[in-house]
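Here the structure comes first, spelled out in structure tokens, and everything after it is commentary.
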Amino acid sequence: MGLTLLAATAIGSAALTLPSSGPVERATTFLAARQQPDGGFAEPGQRSTPTLTAWAALALAARGRRSEEAADYLAGKPTGEATDVALRALALVALGRTVDDELARLDELRRPDGRFGPLVHSTVRGVLALRAGGRPAGAKTVRYVRRQQARSGGWSWAPGGAPDTNDTAVAVEALRAAGVPAGDGAVRRGLAYLRRLRNRDGGFPLLRGRASDAQSTSWVLQAFAAARRRPPAGARAYLFHLQRPDGSFRYSARYAVTPVWVTAQVVPALAGRPFPL
């Protein structure tokens with residue numbers, strides 16, 4: 001399916017620790033097998049989608065593999081809102097493509113207060129996309145992200161919402177990508193918020209009081225990697241316990257759903273690769 005192994009030096013510099021090669025490589029093999037004839041990626045029994053293709057392409061790129069077919073598939077699909085534009089830009093850069101059109105679209109969607117689109121989530125994704133494309137995030141946008149941090153230290157999906165692990169982790173990644181030091185107060189408070197949500201099984205939930213899940217735990221690991229801090233104890237072991245015989249990862253101890261999406265978000269975390277790649 002056109003997956004090309006890149007030089008090892010392209011993936012080694014950002015990882016804080018070398019992952020266990022067996023589980024991560026099995027997950028990579030599982031993802032590569034889910035590429036469809038159109039170049040996109042799909043869940044078992046379903047059709048390719050741009051969103052899933054972007055996540056799968058990012059995961060494979062985190063392991064040093066690029067797919068020209070996936071890049072062609074993504075480049076040929078329309079995008080609408082800021083979150084989708086940013087995700088496609090992240091993936092295309094990881095696949096070695098230029099993203100001038102996507103970044104121009106993000107600039108069109110930037111509001112006077114600095115945010116991209118209506119959401120905190122779309123804004124932090126936009127920051128990652130701009131930095132992936134080699135452009136500055138913009139001081140006004142960084143200030144907006146800072147202002148959205150709650151007293152708890154977390155960030156939410158939308159302005160005024162309840163903080164959660166996923167959006168907090170991406171906000172930490174975005175601030176770090178924008179050049180905010182790891183010792184900055186906003187980054188430290190964000191990591192402290194994440195630490196407080198760790199469950200006894202070593203994993204992390206989306207919200208306090210919920211069960212741990214693979215995707216939330218993966219986002220937390222990426223945030224700590226972005227800040228170049230040691231990952232929370234037990235988080236990686238929690239993920240390894242969720243791996244299935246085919247290499248994919250369960251969503252949680254209870255549920256095994258959307259294996260391609262879940263696995264695509266686990267792989268960069270276990271590889272120690274925060275976004276942008």
With a 4.5 Å heavy-atom cut-off, do [X] and [Y] have their side chains touching?
| X | Y | answer |
| --- | --- | --- |
| Pro44 | Val260 | yes |
| Thr165 | Trp219 | no |
| Leu239 | Arg236 | no |
| Pro50 | Phe41 | no |
| Phe116 | Val85 | no |
| Pro268 | Ser218 | no |
| Leu194 | Phe224 | yes |
| Tyr251 | Leu242 | no |

When clusters are formed by joining ILVMFWY residues with side-chain heavy atoms under 4.5 Å apart, either directly or through shared neighbours, do [X] and [Y] land in the same one?
| X | Y | answer |
| --- | --- | --- |
| Leu191 | Tyr193 | yes |
| Leu221 | Val262 | yes |
| Leu31 | Leu277 | yes |
| Leu103 | Val93 | yes |
| Leu175 | Trp157 | no |

Of all the heavy-atom pairs spanning [X] and [Y], show the shortest one and how long it is.
| X | Y | value |
| --- | --- | --- |
| Leu58 | Ala91 | CD2-CA, 3.8 Å |
| Ala225 | Gly272 | CB-O, 4.1 Å |
| Val127 | Ala174 | CG1-O, 3.5 Å |
| Pro232 | Val220 | CG-CG1, 4.2 Å |
| Ala177 | Arg131 | O-NE, 2.8 Å |
| Arg66 | Ala94 | NE-O, 3.1 Å |

[X] with [Y]: basic N within carboxylate O range, under 4.0 Å:
| X | Y | value |
| --- | --- | --- |
| Arg228 | Glu173 | no |
| Asp184 | Arg189 | no |
| Arg34 | Asp246 | no |
| Arg135 | Asp100 | yes |
| Asp113 | Arg115 | yes |

Please evaluate residues Ser212 and Phe204 with respect to the criterion side-chain contact (heavy atoms from CB on, under 4.5 Å), reporting the C-alpha separation (whole Å), side-chain torsions for both, the decisive distance (0.1 Å), and the verdict.
CA-CA 5 Å; Ser212 301; Phe204 288 81; 5.7 Å; no
Is it true that the side chains of [X] and [Y] contain a donor and an acceptor less than 3.5 Å apart?
| X | Y | answer |
| --- | --- | --- |
| Gln35 | Ser67 | yes |
| Ser48 | Asp38 | yes |
| Arg110 | Thr141 | yes |

Under the side-chain contact (heavy atoms from CB on, under 4.5 Å) criterion, do Arg244 and Phe249 qualify, and how do the steps go?
CA-CA 6 Å; Arg244 305 170 76 188; Phe249 286 84; over 6 Å; no
Parallel, tilted or perpendicular: which fits the ring planes of Phe275 and Trp55, with parallel below 30° and perpendicular above 60°?
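Tilted, since the angle between the ring planes falls between 30° and 60°.
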Rounded to the nearest 0.5 Å, how far does [atom2] of [Y] lie from [atom1] of [X]?
| X | Y | atom1 | atom2 | value |
| --- | --- | --- | --- | --- |
| Arg125 | Thr83 | CZ | OG1 | 6.0 Å |
| Ser156 | Leu119 | OG | CG | 9.5 Å |
| Arg147 | Trp155 | CZ | CH2 | 13.0 Å |
| Leu60 | Leu95 | CG | CG | 9.0 Å |
| Arg111 | Thr123 | CZ | OG1 | 8.5 Å |
| Thr168 | Gln148 | OG1 | CD | 12.0 Å |

Quick check: does any side chain N or O of Gln149 sit under 3.5 Å from a backbone N or O of Ala186, one acting as donor and the other as acceptor?
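Side chain of Gln149 to backbone of Ala186, a donor-acceptor pair under 3.5 Å: yes, one is there.
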Check whether Arg250 reaches the backbone of Ser252 with its side chain - one donor and one acceptor, N or O, closer than 3.5 Å.
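It does hold such a pair.
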Candidate pair Asp72 and Arg97, rule salt bridge (charged side-chain N to carboxylate O under 4.0 Å, His left out), full reasoning
CA-CA 9 Å; Asp72 291 341; Arg97 298 293 180 90; 2.6 Å; yes
Go through it in stages, so that I can follow the logic: the residues are Asn166 and Ser216, the test is side chain to side chain donor-acceptor pair (under 3.5 Å), and I'd like the CA-CA distance, side-chain angles, deciding distance and then a yes or no.
CA-CA 6 Å; Asn166 296 19; Ser216 297; 3.0 Å; yes
Apply side-chain contact (heavy atoms from CB on, under 4.5 Å) to Arg176 and Val180, showing your working.
CA-CA 5 Å; Arg176 291 288 292 133; Val180 175; 5.6 Å; no
What verdict does the side-chain contact (heavy atoms from CB on, under 4.5 Å) test give for Arg196 and Arg208, after you've listed the backbone C-alpha separation in whole Å, the side-chain angles of each residue and the deciding distance to 0.1 Å?
CA-CA 9 Å; Arg196 291 195 297 272; Arg208 183 184 299 279; 4.1 Å; yes
Run the salt bridge (charged side-chain N to carboxylate O under 4.0 Å, His left out) check on Arg105 and Glu102 step by step: do they pass?
CA-CA 5 Å; Arg105 176 60 178 154; Glu102 286 76 15; over 6 Å; no
